[in-house]
Amino acid sequence: MKRFVALLTALLLPVMASASTLTADADVTTATMSDTLYGLFFEDINCAADGGLYAELLQNRSFEYEDILNPQTAEHYNGWAFNLAFGATGTATVMTESPLHENNPTYMRVDCQEGEYRFANLGYQAVGLAGGIPVEEGKTYRCSVWMRNGGGFDGQVEIALTKRTGKSLAVPKRFTLTDEWQKYELTFKPSYTEDAVLSFILHGTGAVDIDMASLIPADAFGADWPGGGLRADLVQALKELHPAFLRFPGGCVAEGSYYRSNFYDWKDTVGPVETRRENFNTWGYMQSYGLGYYEYFMLAEAIGAEPLPVVHSGLLCQARDVKEESLTIEETRAYAQDLLDLIEFANGDVTTPWGALRTEMGHPEPFHLKYLGIGNENWDTPYWSRFDVLYQAVKEAYPEMEIVSSAGPVAEGALPAYAWRMIRAKYPDTIVDEHYYMSGDWFLNNVGRYDGYPRTTRVFVGEYAVHEDVQANGRRPNSLYSALCEAAYMTGLERNSDVVVMASYAPLMARDGMQQWTPDMIWFNAREVLLTPNYHVQAMFAMAVGDQVVDSSCEGGNKLLYHVVTRTEDKLYVKLVNVAAEMDDMTLRLAGVPDGKASFTRLTGERNAVNTFTDKEHIAPTKGVVAIENGEATMTLPAYSVTILTFALK
Ligand code: AHR
C-alpha cells in the first residue's frame, strides 16, 4: 500500500499545478529605476586575482611570499622547485641586499657549484610530476625575467618552457648576464598542450640573482596594460553580466588585517609592476598587485562599468583579530590625502602629479570616477569617527563625489541600526552599503525588505548571496534553489530600485580547489570557466532591466511565485520566479502591450541541481517565444524556474 501511495504521488507530482494571474498596465508606473542597479563586486578572494583574473601564470614570481601571521623564510620559495637536474649541485638562497627595487625587497640567489643546475616556477596547482602552468599548442606566451650576475657566474642562463621532468615544450633561449639588474625577454610558442613549468638552467658555475619572472599569454585581455593583462575567458564572463559598476578591490582585502603594514594602499598597486609593493592577502596568500588600481579602472572602462573603489577607513578589519592599533583620528586626517590623491589619479589632468602617473601608465584621459566607498563592513564609533574625517575631506575637495558608507557586516540587529541612525542624522547623502549572506528562507521572507525604506534613502546591496548548508565536500552549493531565492529577492530590489541603486552578488569568482569561501558566482580552473545558476540569474536580470517600475499584482494560490514588471520606452519586462515544487499555469494580463510575440529566457531544473566542470551546461538558460493577443498571454511556468519575458511596446 505504502509503495502504491508513493508511486501515485510520483506520478501525480509533475502534473500538479497552481494557476496564477499577473495583471499590469504598461502605462502605470510606480518608481524610476536606478541605471546602475546590477554590477560586480570583485575581490581577490579564492585566487580571483592572482591565479585567476590576472593573466600571470607564475606563482610567487617575485619571491615575496610571506604570511604576516607566521613569517618564515620557506614562504619565499612557494611555487618554485630547486635543484631539479640530476647530477647538479647548488644552493638557492633568499636575499634582500641591493634588491631590484625598494618596494620589491626579496629575490633569489641561485649558486651553481656543479653540473647544469635547474630550477623552475611551477605555476598554480602543480601536482606530482605535472606542472601547474596550462599552455596551449600554437599559442604565444610572453616571458620576462629580471636577472644579474650574483657573483662570479661564468656562463649563460637558459630559460625554457618544459615539463616538470625537463622535457622541452618550446624553443628555449640563453642569456648572458651583467652585474646590474636587467630585464630579459623572450616568447614561447609551445608545440604541445601541456601542464608546464618555467625552467631556468644554469650553464656555468657561480651565482645568479633572479626576480620578477613573468609568463603571460600574448592574447591576454589588456596585454598592453602595465600589469600584462587579464584572462580573456574570465573577462568575457564578466562582460556578459552587463555590469553597471565594478566595486573593487574588496571586501576584507580593501581594509587589510592584523597589522598596519597590511592596509590595502592603492599607491602600492600602481606604476611599473616591479615597483609595486606586494602585500599579504587576508585570505591567506600574496597579492602581486599586477591587477592594481590602474588595471581595475581599465577593466571597468572596458566592460562599460562605473568604477567604485572602496578604500579602508583607517581601521584594520574589525572582524579579525587586530594585532596593532588602527590609525588614530590624527593619523586618519593625514591619510585623507591618499583619498584625494586617488581621485586625482582617476580624474586629474596630466599636469597633476597623480594624473601624470595615470598618463604615463597609458591612459591620458580621466577615468571619470564618480563613486568612492569609505570602509568595508565597519561599525560603531571607531568607524564613524574616522569616516567623518575622510568624508569631510573628500567632500570639501570634491563636493560632487558620491560617497558610499558602510552599514556593517550583517543584515539585522544593533550594528546596522546604529549605522542607519548615523547615516540619517549626519550623512543622508551617502549611498549605504548593506551586506548579507543568509539562508534561502531569509531571502524569500525579505523580498519586501526595501518596501518601507524612506524614499530619499539610497542603498547599495554591496554583498549578498544565499548560503545553504555546507555539504560533504566542504562547500556551500551554488544550487538552482539558491539562485532562485536570489532571483525572488531581486524582484524586490527592482521594485524598490528608486532606493536600491546598486546591488552585487558576492563573492564573484573562485578557483576550483583554491577557494576560501563558498558559494561563488563564477568558478574556474586553469583552463576552463564554470558559470553557476547564480551567474545565469544575474546575467538574465541585468539583460532585461527597465527604467521604470510598472505597477503589477499577482493572484492565485502560489505563495512561492515572485514577480516584477519594468519598462523602458519600447520594451516591457516581466520577471517571474517560481520557487515552488509545482508548475504554475500563468496568465499575463498586460494592458498597453500590442499584439505580437514576446521572447523569453528561462532557467529551470531540479531544485538542488548544480553545474560542474564535467556538466557545465546542466543548468543553463533556454529561450522561447509566447504570443500576446488582446493584452493576454498564457504560459506554464515550470517548478523551480525563473522566466524573463520581453514584450515590444511599439
Ligand atoms: O565576500 C567575502 C567577504 O564577505 C568580504 O571580503 C567581506 O566584505 C564579507 O565579510
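Read the numbers this way: they start at 1 and go in the same order the structure lists the ligands and their atoms. Numbers for residues simply follow the sequence, beginning at 1.
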With a 4.0 Å cut-off on N to O distance, would you call Lys395 and Asp429 a salt bridge? yes
Which heavy atom of the protein is the closest neighbour of atom 8 (O) of ligand 1, given with residue, atom name and distance? Glu463 OE2, 2.7 Å
Is Asn376 touching ligand 1 with its side chain, its backbone, both, or neither, if touching means heavy atoms under 4.0 Å apart? side chain
May I ask you to decide whether Arg476 forms a salt bridge with Asp469, counting only side-chain N to carboxylate O separations under 4.0 Å? no
Considering only heavy atoms of Trp517, which atoms of ligand 1 have at least one such atom less than 4.0 Å away? 2 (C), 3 (C), 4 (O)
Going by the 4.0 angstrom heavy-atom rule, the piece of Tyr505 near ligand 1 is neither
Are the aromatic ring centres of Tyr450 and Tyr453 under 6.0 angstrom apart? yes
Short list, please: which atoms of ligand 1 are under 4.0 Å from a heavy atom of Glu377? 7 (C), 8 (O), 9 (C), 10 (O)
Ligand 1 atoms nearer than 4.0 angstrom to some heavy atom of Cys252 are 5 (C), 6 (O), 7 (C), 8 (O)
Please test Glu468 against Arg475 for salt bridge (charged side-chain N to carboxylate O under 4.0 Å, His left out), starting from the C-alpha separation and ending with a verdict. CA-CA 9 Å; Glu468 294 188 84; Arg475 302 179 184 188; over 6 Å; no
Can we say Glu528 and Lys616 salt-bridge, meaning some charged N sits less than 4.0 Å from an Asp/Glu carboxylate O? yes
Report yes or no: does a heavy atom of Pro507 sit under 4.0 Å from some atom of ligand 1? yes
Protein contact to atom 1 (O) of ligand 1 [nearest heavy atom, distance to 0.1 Å]: Tyr437 OH, 2.7 Å
In plain terms, say whether Arg276 and Asp265 are close enough for a salt bridge, that is, a side-chain N and a carboxylate O under 4.0 Å apart. no
Output yes when Arg449 and Glu434 qualify as a salt bridge under the 4.0 Å nitrogen-oxygen rule, no when they do not. yes
Can you report which non-hydrogen protein atom sits closest to atom 6 (O) of ligand 1, along with the distance? Glu43 OE1, 2.6 Å
